[in-house]
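This one's a predicted model, so the numbers in the text were calculated from it and none came from an experiment.
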Amino acid sequence: MLDIVPPTQTRADEAFDCLQTAIVKGDLVPGEKIGEVELCERFNLTRGPLREALGRLESRGLLIRRPHAGFKVMSMSGEELLELYRIREAMEGLAARQAAERMTDDEIADLQALLDRHEKIVDEAQGQAYYQHEGDYDFHHRIATGSRNRKLSQMLLGDLYYMVRMYRYRLSTSAGRPHRALGEHRRIADAIAHRDGELAQFLMQRHINAARLNIERKIQEGVLKV
């Protein structure tokens, strides 16, 4: 499950992946105004695939179309971001509890193996960042799907998921935060492996609360502009 071979990508898929990664990593910052010509030159893209990619990013809520003026990268206020994390704390805590009850042994083994791969990613970044690709490569995505709660998964993995990804990477670059976050992920996975739903829920909520407090500090220090 960890060595998923992606299907052959079209040029539009490549353009989409390129721009989405640029948004998540902050190369295209929240609120930034962008046009097709600039994007083609900056990312070496062609018009047709670019336009399809822009439409897909708009549908995910990552871009906002401005009439006759190109696009703007989605942004939110500090209070909106904090509220988003409060929502995540409650919903992902429930997902972790249900994942402990419903994930198969093989899925749990895959989850723990995924974290081994994440540790290598953090080490390669010299502990300065913790970037997770979306879908099955993302710890939080695995927990949501592992909950076997269709309505909860739909809410967590819809627009909310992509908005959160915009800020999760930027917030993971705090000194020491990548290793702490990975350790928190491992403790959640261990609770799930022991089928302790109550502990898994508590640890997930504490994990996301720690991230929210990190956001508050960054906003107060003027490091995070939202």
message: Restricting to side-chain hydrogen bond (donor to acceptor under 3.5 Å, both in side chains), what partner residues turn up for E83, sequence neighbours left out?
response: R86
- request: For D106, check side-chain hydrogen bond (donor to acceptor under 3.5 Å, both in side chains) against everything at least two apart and list the hits.
  value: none
- prompt: Which heavy-atom pair separates E38 from I34 by the least distance, and what is that distance?
  reply: OE1-CA, 3.7 Å
query: Could you state the interatomic distance from CG (L111) to CG (D136), rounded to the nearest 0.5 Å?
result: 10.5 Å
field: R148 and E107: CA distance, side-chain angles, deciding distance, salt bridge (Lys or Arg N to Asp or Glu O under 4.0 Å) verdict
entry: CA-CA 12 Å; R148 299 288 195 278; E107 287 172 331; 2.9 Å; yes
Distance in Å, L82 CG paired with M76 CE, rounded so as to fall on 0.5 Å steps: 10.5 Å
Close side-chain approach of D190 and Q112, heavy atoms under 4.5 Å: yes
message: If we ignore hydrogens and angles and just use 3.5 Å, is the side chain of S147 paired with the main-chain N or O of N149 as donor and acceptor?
response: yes
Pairing residues for D27 by the side-chain hydrogen bond (donor to acceptor under 3.5 Å, both in side chains) criterion, not counting sequence neighbours: none
Shortest non-hydrogen contact from A144 toward A95: CA-CB, 4.3 Å
field: All pairs passing salt bridge (charged side-chain N to carboxylate O under 4.0 Å, His left out) where residues 91-104 contributes a residue, at least two apart
entry: R88-E92
message: Can you list everything that forms a side chain to side chain contact (heavy atoms under 4.5 Å, CB included) with V37? Sequence neighbours excluded, please.
response: E41, R47
message: Among residues at least two apart in sequence or on other chains, which ones pass side chain to side chain contact (heavy atoms under 4.5 Å, CB included) with Q205?
response: E89, Q201
task: Just jot down the side-chain hydrogen bond (donor to acceptor under 3.5 Å, both in side chains) partners of R51, sequence neighbours excluded, or say none.
output: E36
- prompt: Does the Q154 side chain pair with the main chain of K151, one donor and one acceptor, at a distance under 3.5 Å?
  reply: no
message: To the nearest 0.5 Å, what is the distance between OG1 on T46 and CD on E14?
response: 9.5 Å
- request: Tell me, with the steps shown, if R142 and D110 meet side chain to side chain contact (heavy atoms under 4.5 Å, CB included).
  value: CA-CA 10 Å; R142 288 283 187 100; D110 276 348; 3.7 Å; yes
- prompt: Does CG in N44 sit with more than 12 non-hydrogen atoms of other residues, nucleotides or ligands closer than 6.0 Å?
  reply: no
- request: Apply side chain to side chain contact (heavy atoms under 4.5 Å, CB included) to the pair M103 and I192, showing each step before the final yes or no.
  value: CA-CA 8 Å; M103 286 181 79; I192 291 171; 4.1 Å; yes
Identify all side-chain donor-acceptor contacts of residues 53-65 below 3.5 Å with residues at least two apart in sequence or on another chain.
unit_1: R56; atom_1: NH1; unit_2: D13; atom_2: OD1; d: 2.9
unit_1: E58; atom_1: OE1; unit_2: R65; atom_2: NE; d: 3.2
unit_1: E58; atom_1: OE1; unit_2: R65; atom_2: NH2; d: 2.9
unit_1: S59; atom_1: OG; unit_2: R56; atom_2: O; d: 2.7
unit_1: R60; atom_1: NH1; unit_2: Q20; atom_2: OE1; d: 2.7
unit_1: R60; atom_1: NH1; unit_2: E134; atom_2: OE1; d: 3.4
unit_1: R60; atom_1: NH1; unit_2: E134; atom_2: OE2; d: 3.4
unit_1: R60; atom_1: NH2; unit_2: Y162; atom_2: OH; d: 3.1

- prompt: Rounded to the nearest 0.5 Å, what separation is found between the CG atom of D123 and the CG atom of L182?
  reply: 8.5 Å
message: One pair to check against side chain to side chain contact (heavy atoms under 4.5 Å, CB included): K72 and E32. What are the steps and the verdict?
response: CA-CA 5 Å; K72 182 175 74 171; E32 181 175 350; over 6 Å; no
- prompt: Does atom NE2 of H194 have more than 12 heavy-atom neighbours, drawn from other residues, nucleotides or ligands, at distances under 6.0 Å?
  reply: no
query: Which salt bridge (charged side-chain N to carboxylate O under 4.0 Å, His left out) pairs, counting each pair once, include a residue from residues 192-203, with sequence neighbours left out?
result: D105-R195
Ring pair (Phe, Tyr, Trp, His ring centres under 6.0 Å) against F139, all qualifying residues, sequence neighbours excluded: H185
Working for side chain to side chain contact (heavy atoms under 4.5 Å, CB included), residues Q98 and L152: CA-CA 10 Å; Q98 295 192 321; L152 182 60; 4.2 Å; yes
Note: R186-E119 ion pair, threshold 4.0 Å (strictly below): yes
- prompt: What distance do H140 atom NE2 and R165 atom CZ have between them, rounded to the nearest 0.5 Å?
  reply: 11.0 Å
query: Side chains of T10 and P49: closer than 4.5 Å at any heavy-atom pair?
result: no
message: Tell me the closest heavy-atom pair linking V73 and P30, and the distance in Å.
response: CG1-CA, 3.8 Å
- request: Would you mind reporting whether L199 and I188 have side-chain heavy atoms less than 4.5 Å apart?
  value: no
query: Taking all atoms of both residues into account, what is the closest heavy-atom pair of A99 and I143, and its distance?
result: CB-O, 4.0 Å
Test item: H118 side-chain N/O and Y137 main-chain N/O as donor-acceptor pair under 3.5 Å: yes
- prompt: Got a second to check how far F16's CZ is from L45's CG, nearest 0.5 Å?
  reply: 13.0 Å
- line: For Y161, the ring pair (Phe, Tyr, Trp, His ring centres under 6.0 Å) test, sequence neighbours excluded, returns H141
message: If you apply the rule side chain to side chain donor-acceptor pair (under 3.5 Å), what do you find for R212 with N209, and how did you get there?
response: CA-CA 5 Å; R212 181 173 59 80; N209 182 63; 2.6 Å; yes
- prompt: With sequence neighbours left out, which residue pairs that include part of residues 25-47 fulfil the ring pair (Phe, Tyr, Trp, His ring centres under 6.0 Å) condition?
  reply: none
field: V164 vs L84 side-chain heavy atoms within contact, under 4.5 Å
entry: yes
